[in-house]
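Every chain is numbered from 1 and lettered A, B, ... according to where its sequence line falls, protein lines coming before strand lines.
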2 protein chains.
Amino acid sequence: MRAAHDLSIRRRETLLKGMSAVVALSDDEQQQIRTAGSELREKGSLIAEDGEHRRSSFLASGWALRQEFLADGRRQISGFLIPGDPLAPFSYLGEPVSDGIVAITPVEIVDVTHIGGPRSARLLDVIERFNLTVARDHLQFYRNQMIRLGCHSAVQRMAHLLLELHSRLMRVGLTSDGRYEFPLTQEMLADALGLSVVHVNRVMKQLRSAGLVQQTGGKLQILNRKRLEQLSEYSE
Amino acid sequence: MRAAHDLSIRRRETLLKGMSAVVALSDDEQQQIRTAGSELREKGSLIAEDGEHRRSSFLASGWALRQEFLADGRRQISGFLIPGDPLAPFSYLGEPVSDGIVAITPVEIVDVTHIGGPRSARLLDVIERFNLTVARDHLQFYRNQMIRLGCHSAVQRMAHLLLELHSRLMRVGLTSDGRYEFPLTQEMLADALGLSVVHVNRVMKQLRSAGLVQQTGGKLQILNRKRLEQLSEYSE
DNA sequence: CGCACTGTTGAAATCTTTCAAAAGCTGTGG
DNA sequence: CCACAGCTTTTGAAAGATTTCAACAGTGCG
């Protein structure tokens with residue numbers, strides 16, 4: 001029990017790291033976030049449905065994805081969520097979650113509106129500002145996704161996405177030496193990149209045998225960032 | 001001179017129509033917008049560049065597009081702007097214009113921050129609320145674009161886009177009987193839909209000869225909305 | 001052990017692009 | 001008014017990228 005609680009608090013550090021990079025948090029505020037209530041969801045579960053309001057929910061640990069289905073069963077994954085990401089980055093628009101959010105791994109979700117205590121008002125204000133900055137980033141991720149789908153070849157799409165994920169994970173301290181946890185199946189990659197599963201497989205093979213990336217034990221490593229960047233015109 | 005001024009004010013009505021559908025405007029406020037200063041730009045001109053702040057600029061008349069170039073010359077058009085649309089729908093994020101905006105036709109741009117007068121403060125507030133609602137719509141257009149690029153075949157993409165444009169134009173009163181002004185070249189369509197110009201041509205031909213749309217004299221008409229909708233799974 | 005899911009591979013089919021050329025259209029200057 | 005340049009649309013044929021179909025190997029789990 002105690003151990004589980006500690007683990008949960010340790011996971012919260014990623015979220016705190018992401019927030020601290022953007023807004024200043026007092027020790028007290030950090031402590032409030034550390035001890036805020038959280039929700040655990042298992043791998044594969046639907047975290048939020050289309051139309052739900054999740055104004056102040058953040059992913060504290062684990063990965064998730066945003067998906068939309070077409071009538072004929074095709075699915076578009078519009079993006080991936082990593083620790084530190086808000087479930088509804090555009091919530092201040094009054095915009096509810098606009099598509100399904102599904103847990104890719106077991107996830108922990110912190111809803112900061114459930115934080116009580118004397119200084120919670122100011123904390124919510126800080127979080128609002130954090131939200132704004134993060135929303136700007138997510139707008140950029142949308143644009144990245146559009147560039148990939150609209151302009152890139154299959155190999156470029158893959159390279160570009162792998163680089164984007166690396167950048168994002170690095171910012172919250174979840175990379176080491178170009179290597180990061182990689183829980184995405186080839187089917188998810190296919191639905192995100194607008195490719196068939198079979199082709200994703202071939203493209204990954206191509207990147208691997210060109211010595212650009214390596215994949216072992218659920219982790220992915222960027223071996224030649226420079227080549228990947230020029231291949232996919234990735235910037236930043 | 002007088003004639004040109006009248007024309008300009010008449011054009012402003014489209015913008016007003018768009019705004020009135022969303023927020024209540026007093027006669028006085030409508031008058032302020034009617035007489036607000038405007039900027040005219042000729043066809044083909046760059047209206048705003050990446051990084052520019054255009055917090056309160058709206059297209060009063062004409063069409064424009066949002067584009068981003070890759071190093072190798074490929075271009076992604078992320079969306080089209082029609083009368084009533086803001087140049088920077090996500091400006092309250094502190095987000096500057098994030099890509100180039102180019103005039104497709106001669107355009108008139110109203111910057112509502114240039115409105116003076118006693119009640120301008122309240123008007124700005126109203127406009128801010130309008131902005132929020134419109135931003136929500138534009139988020140949807142982004143998602144539409146992602147679905148097109150990620151899940152649709154060439155014919156579906158085209159059908160879906162033509163339907164979206166029709167819906168949007170209808171909302172500001174710029175359609176009649178399924179017909180609307182259509183200033184887009186096949187090259188623009190290609191860059192928006194992630195297709196080659198040649199293929200766009202063939203796809204249009206296909207839609208025309210299937211009796212689904214008609215194109216004459218710079219106008220496009222939806223002939224069989226129902227079939228187009230089921231073809232592209234367009235909803236709303 | 002067997003089932004369900006994920007990854008891998010080959011071959012054929014399909015969609016889309018590229019290349020090349022020509023025709024239509026528009027505005028400009030002689 | 002014609003000629004011309006420049007842009008847009010159109011068409012055919014060949015090349016290329018990606019998908020589909022089908023089958024099989026690996027892995028984890030009850």
Side-chain donor or acceptor of [X] paired with backbone N/O of [Y] under 3.5 Å:
X: B:Arg54; Y: B:Ala88; result: no
X: B:Ser45; Y: B:Arg41; result: no
X: B:Glu181; Y: B:Gly62; result: no
X: A:Arg157; Y: A:Leu193; result: yes
X: A:Gln76; Y: B:Arg143; result: no
X: B:Glu68; Y: A:Ile147; result: no

Atom-to-atom span, [atom1] of [X] to [atom2] of [N] - whole angstrom:
X: B:Leu195; N: D:dA17; atom1: CG; atom2: P; answer: 17 Å
X: B:Lys43; N: D:dT8; atom1: NZ; atom2: C1'; answer: 10 Å
X: A:Leu193; N: D:dT19; atom1: CG; atom2: C1'; answer: 15 Å
X: A:Arg157; N: D:dA17; atom1: CZ; atom2: P; answer: 13 Å
X: B:Arg202; N: D:dA13; atom1: CZ; atom2: P; answer: 11 Å
X: B:His152; N: D:dT19; atom1: NE2; atom2: C1'; answer: 17 Å
X: A:Asp191; N: D:dT19; atom1: CG; atom2: C1'; answer: 14 Å
X: A:His199; N: D:dG16; atom1: NE2; atom2: P; answer: 15 Å

> Closest nucleotide of DNA chain C for B:Val155 versus for A:Met204: which of these residues is on the 5' side?
Replying inline: A:Met204
>> So if I take residues 207-217 of chain B and measure heavy-atom distances to DNA chain C, which residues fall below 4.0 Å?
In response: none
>> So B:Thr185, base contact, sugar-phosphate only, or nothing? Heavy-atom distance under 4.0 Å.
In response: sugar-phosphate
> What is the nucleic acid contact for A:Gly194, judged by heavy atoms within less than 4.0 Å: base, sugar-phosphate only, or nothing?
Replying inline: sugar-phosphate
> Contact boundaries of DNA chain C with chain B (under 4.0 Å, heavy atoms), 5' to 3'?
Replying inline: C:dT16 to C:dC19
> So, is B:Lys205 near the phosphate of D:dT11, with a side-chain N or O under 4.0 Å from OP1 or OP2?
Replying inline: yes
> Under 4.0 Å between a side-chain N/O of B:Asn201 and OP1 or OP2 of D:dT9, yes or no?
Replying inline: no
> Angle class for the A:Phe90/B:Phe90 ring planes (parallel below 30°, perpendicular above 60°, tilted otherwise)?
Replying inline: tilted
>> Over 60° means perpendicular and under 30° means parallel, so tell me whether A:Trp63 and A:Tyr180 are parallel, tilted or perpendicular.
In response: parallel
> Quick check: are there more than 12 heavy atoms from other residues, nucleotides or ligands sitting under 6.0 Å from CZ of B:Arg227?
Replying inline: no
